[in-house]
Protein chains: 2
Amino acid sequence: MARRSGKAPTLATVADEAGVSRQTVSNALNSPHLLREETLARVRRAIDVLGYSPNRAARSLRTRSSHLIGLRVEPATEGTANALMDRFLHSLVESSNGAGYHVLLFSSGDADPLAGYDDLLRSTAVDAFVITDTYRGNPQARWLEGRGAPFVAFGRPWNEPGSTHPWVDVDGRAGVTLAVEHLVERAHSRIAWVGWQKGSYIGEDRRAGWVDTMHEHGLATSRLSARGDDTVEFGRRAAQALLESESPTAFVCASDTIAMGVLHTLAERGLRPGSDVAVVGFDDSIAAQVAPPGLTSVRQPLEQVAVEIVRLLGQRLAHKPIEQRGCLLTPTLTVRGTS
Amino acid sequence: MARRSGKAPTLATVADEAGVSRQTVSNALNSPHLLREETLARVRRAIDVLGYSPNRAARSLRTRSSHLIGLRVEPATEGTANALMDRFLHSLVESSNGAGYHVLLFSSGDADPLAGYDDLLRSTAVDAFVITDTYRGNPQARWLEGRGAPFVAFGRPWNEPGSTHPWVDVDGRAGVTLAVEHLVERAHSRIAWVGWQKGSYIGEDRRAGWVDTMHEHGLATSRLSARGDDTVEFGRRAAQALLESESPTAFVCASDTIAMGVLHTLAERGLRPGSDVAVVGFDDSIAAQVAPPGLTSVRQPLEQVAVEIVRLLGQRLAHKPIEQRGCLLTPTLTVRGTS
DNA sequence: CACCGGGCTTGGAACGATCCACAGCCCTGC
DNA sequence: GCAGGGCTGTGGATCGTTCCAAGCCCGGTG
């Protein structure tokens with residue numbers, strides 16, 4: 001289709017080919033309703049013949065918008081079962097592309113975590129950001145808000161009452177409720193919780209799902225809860241301690257990483273996961289999918305998260321009235337061999 | 001530092017502030033050696049005071065280069081233990097940023113896998129591409145080459161004798177050799193191979209590492225090899241069949257996914273991985289790291305791959321003479337509980 | 001018949017950076 | 001004293017697109 005010529009075709013080239021002016025071609029692309037049907041068809045034919053695509057730099061210079069969305073990739077943490085980002089990223093890229101945007105990745109140098117944002121913003125390289133780690137008193141949200149930069153957060157503004165930015169999050173509490181209900185149905189009553197330190201808002205939210213649901217079913221929680229780091233090793237030790245003192249028949253974990261540690265302990269003690277002791281993780285990571293008996297896990301609807309993020313971003317960038325500040329999605333439970 | 005003003009500062013603003021002309025400021029940024037030391041200092045101070053960053057769109061329009069590198073994200077394949085991309089991506093982003101580039105992600109619509117490339121190229125949105133799936137007669141490399149678009153491939157041009165593009169790859173054969181040597185040292189002699197179908201170049205390369213090393217040590221390979229899909233299920237069945245007919249004492253697998261399947265089978269039969277039967281995977285995925293006894297696995301130096309890719313890309317974009325077409329890196333072996 | 005107004009189209013300016021050719025300047029050498 | 005050459009610094013033009021205000025053509029109206 002595209003006619004190969006020495007130089008890349010521009011608006012002027014197309015205008016020449018179609019026998020109209022530049023502006024008419026521009027209108028054909030941006031406001032086709034302004035053109036007479038016949039003219040529009042002729043211009044479109046010319047575009048096709050020449051294989052024309054508008055130059056992004058020029059468009060972006062003039063309109064002051066790059067149609068790029070910035071996303072910072074965190075320094076990789078190995079040993080944690082967070083293939084989360086993988087799934088999320090795929091979906092974010094697809095949703096963005098569907099909305100005419102592209103995703104630009106950047107890493108912030110070791111020094112100032114805000115430097116990357118600042119640079120991209122000042123050079124008008126991106127139209128907006130998606131931020132993904134709002135949990136730990138992270139300064140990004142506040143800083144971006146202060147600067148008036150558009151962004152959508154994956155994660156609630158837990159401890160920021162003054163914030164007004166749009167966000168999308170997954171209801172961890174509801175996810176854990178699903179897990180506990182599932183285990184109760186399977187006739188478990190001594191269900192232990194293995195989760196994170198108290199400082200984590202996400203951790204407390206998930207834990208609340210366990211506490212509430214246990215109490216709803218009239219089950220005791222005292223002495224059945226362990227807290228620690230998000231590591232395999234902690235899961236291992238916590239399971240050992242709990243098994244020795246409280247002999248629970250099921251474990252609900254704040255993450256797949258921890259659940260893997262619990263599985264370690266079961267294996268060491270010759271207990272068969274699923275039949276002897278049930279285990280449920282959180283994240284539905286790849287490890288959950290492929291590790292031996294298959295780990296039952298709470299699955300975050302990351303695909304939908306990405307879709308919602310792009311939707312909110314679109315609203316924000318179109319300066320539409322914000323009809324909705326937050327969006328809370330409910331996870332599902334993927335049942336596998338360990339329960 | 002940055003003085004907050006209504007509009008974003010431009011070259012002209014900075015020039016005014018410093019009492020010089022636009023071009024002088026431009027030179028201060030792009031060819032500082034042209035300026036007298038004192039002038040340079042004054043300009044830099046002005047830049048600092050105003051918080052100026054050059055507008056990327058304008059620069060890119062003029063220089064015809066966006067300093068963006070395009071990377072297509074593949075449709076996610078769940079159930080496979082390939083958190084490869086995660087590690088690779090992180091490293092690629094960091095290396096690129098170090099070299100003044102950013103990574104732009106795109107997904108190709110369901111229809112034409114080349115559409116995304118074509119679009120970005122015609123709209124001059126990216127300077128170059130990184131392609132990651134050269135294995136299966138993929139048309140991208142050939143198409144990009146035909147178009148004269150700069151790119152570097154992660155993966156050798158296995159079946160493309162005519163190709164001349166730069167590439168970086170990991171020596172899978174050497175990786176499997178490491179695995180087999182390791183097992184031989186551990187006094188194993190009946191070492192089985194569980195790998196992919198014949199069609200896969202990568203698969204055959206890795207398998208050759210097993211065959212060669214076995215023969216070097218005077219060990220037999222016949223009937224000790226199984227081929228199939230890259231799934232947990234295949235690994236499971238292959239291990240069952242091999243254990244029944246040939247009773248190997250060790251398995252070397254073409255991927256961690258397959259290795260996980262082998263571990264399934266061992267668990268079903270009450271065999272303890274590591275002490276009864278050794279298993280080695282390939283990729284050092286997260287699953288390998290966290291799954292119960294810890295899976296010994298061949299680890300690809302993805303960080304280094306990314307660094308080399310960016311280096312080659314830099315050479316290509318600077319129109320330097322290409323000193324090196326391909327770059328083959330050697331993986332390492334991460335020893336864990338299963339061996 | 002002159003005038004008006006709406007639908008399409010037009011040329012010119014603007015976005016902000018870089019490239020180009022040239023104009024000062026200072027210094028050296030004859 | 002003056003020509004010449006190496007450094008710095010200058011204004012104008014340019015990249016390709018979109019915004020702006022004005023122009024053209026046409027039928028309808030007083």
Side-chain angles (χ1 to χ4, degrees), chain A residues 5-44 46-47 50-68 100 119-125 127, chain B residues 5-44 46-47 50-68 100 119-125 127:
Chain A
S5 89
K7 308 214 73 161
T10 73
L11 262 193
T13 324
V14 177
D16 260 18
E17 172 85 17
V20 295
S21 73
R22 294 195 318 265
Q23 172 75 344
T24 307
V25 180
S26 176
N27 283 339
L29 292 170
N30 302 321
S31 329
H33 61 278
L34 291 178
L35 268 61
R36 199 167 41 192
E37 201 171 321
E38 182 252 323
T39 316
L40 182 57
R42 208 176 38 189
V43 172
R44 289 209 165 130
I47 289 177
L50 295 170
Y52 167 77
S53 296
N55 181 308
R56 276 197 152 80
R59 169 175 281 182
S60 152
L61 171 60
R62 184 68 239 230
T63 63
R64 301 169 166 287
S65 79
S66 61
H67 278 225
L68 290 179
D119 179 43
L120 289 173
L121 221 43
R122 284 199 314 199
S123 60
T124 63
D127 291 351
Chain B
S5 90
K7 306 214 71 160
T10 73
L11 261 195
T13 324
V14 177
D16 260 19
E17 172 85 16
V20 296
S21 73
R22 296 194 316 265
Q23 173 74 347
T24 305
V25 179
S26 175
N27 282 340
L29 294 170
N30 302 321
S31 329
H33 61 278
L34 290 178
L35 298 201
R36 200 169 37 193
E37 204 170 318
E38 182 252 322
T39 317
L40 183 56
R42 207 176 39 192
V43 173
R44 288 212 166 127
I47 289 177
L50 295 170
Y52 167 78
S53 295
N55 181 307
R56 275 198 152 78
R59 169 176 278 182
S60 151
L61 170 61
R62 184 66 238 226
T63 63
R64 302 171 166 286
S65 79
S66 60
H67 279 224
L68 291 179
D119 179 44
L120 289 172
L121 220 42
R122 286 198 313 198
S123 59
T124 62
D127 291 351

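Proteins come first, then strands; the chains are lettered A, B, ... in the order of their sequence lines, and each starts at number 1.
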Does A:Thr24 place a side-chain N or O at less than 4.0 Å from the phosphate oxygens OP1/OP2 of C:dT10?
yes
Side chains of B:Arg22 and B:Thr10 in contact at under 4.5 Å (non-hydrogen atoms):
no
Take the protein atom CG of B:Leu50 and the nucleotide atom C1' of C:dG16, then report the distance between them rounded to whole Å.
15 Å
By the 4.0 Å heavy-atom rule, please label B:Arg22 as base, sugar-phosphate, or nothing.
base
What pair of heavy atoms forms the shortest contact from A:Ala125 to B:Arg56, and how long is it?
CB-CD, 3.4 Å
B:Thr63 side chain: which of C:dT18, D:dT17, C:dA17 is closest?
C:dT18
Take the protein atom CZ of A:Arg64 and the nucleotide atom C1' of D:dT18, then report the distance between them rounded to whole Å.
12 Å
Integer-rounded Å distance: C:dG16 P and B:Leu29 CG
16 Å
Closest approach of A:Ile47 and A:Val14, non-hydrogen atoms and distance?
CG1-CG1, 3.7 Å
Interface residues of residues 31-42 of chain A with DNA chain D (non-hydrogen, below 4.0 angstrom):
none
Would you indicate, yes or no, if D:dT14 has its OP1 or OP2 atom less than 4.0 angstrom from a side-chain nitrogen or oxygen of B:Arg62?
no
Do any side-chain nitrogens or oxygens of A:Asn30 fall under 4.0 Å of OP1 or OP2 in D:dT18?
yes
Whole-Å gap separating P (C:dC15) and CG (B:Leu11)
14 Å
Using heavy-atom distances to pick each residue's nearest nucleotide on DNA chain D, tell me which of A:Ala58 and B:Asn27 is more 5'.
B:Asn27
A:Leu61 CG to D:dG16 P, in whole Å, measures 12 Å
Going 5' to 3' along nucleotides 20-26 of chain D, which nucleotides have protein heavy atoms under 4.0 Å from the base (write B), which only from the sugar-phosphate (write S), and which from neither (write -)?
B------
Over all atoms of both residues, closest heavy-atom pair of B:Gly100 and B:His67:
O-ND1, 3.1 Å
Could you tell me whether the side chain of B:Arg44 reaches within less than 4.5 Å of the side chain of B:Leu35, counting heavy atoms only?
no
If you look at every heavy atom in A:Ser123 and B:Pro54, which pair is closest and at what distance?
CB-O, 3.3 Å
Shortest non-hydrogen contact from B:Ser60 to B:Ser66?
OG-CA, 3.9 Å
Is any side-chain N or O of A:Arg59 closer than 4.0 Å to OP1 or OP2 of D:dT18?
yes
A side-chain contact here means heavy atoms from C-beta on lying under 4.5 Å apart; do A:Arg36 and A:Thr24 qualify?
no
Validation row: B:Gln23, B:Asn27 side chains within 4.5 angstrom (heavy atoms)
yes
Under 4.0 Å from OP1 or OP2 of C:dG11: is there any side-chain N or O of A:Ser21 that close?
no
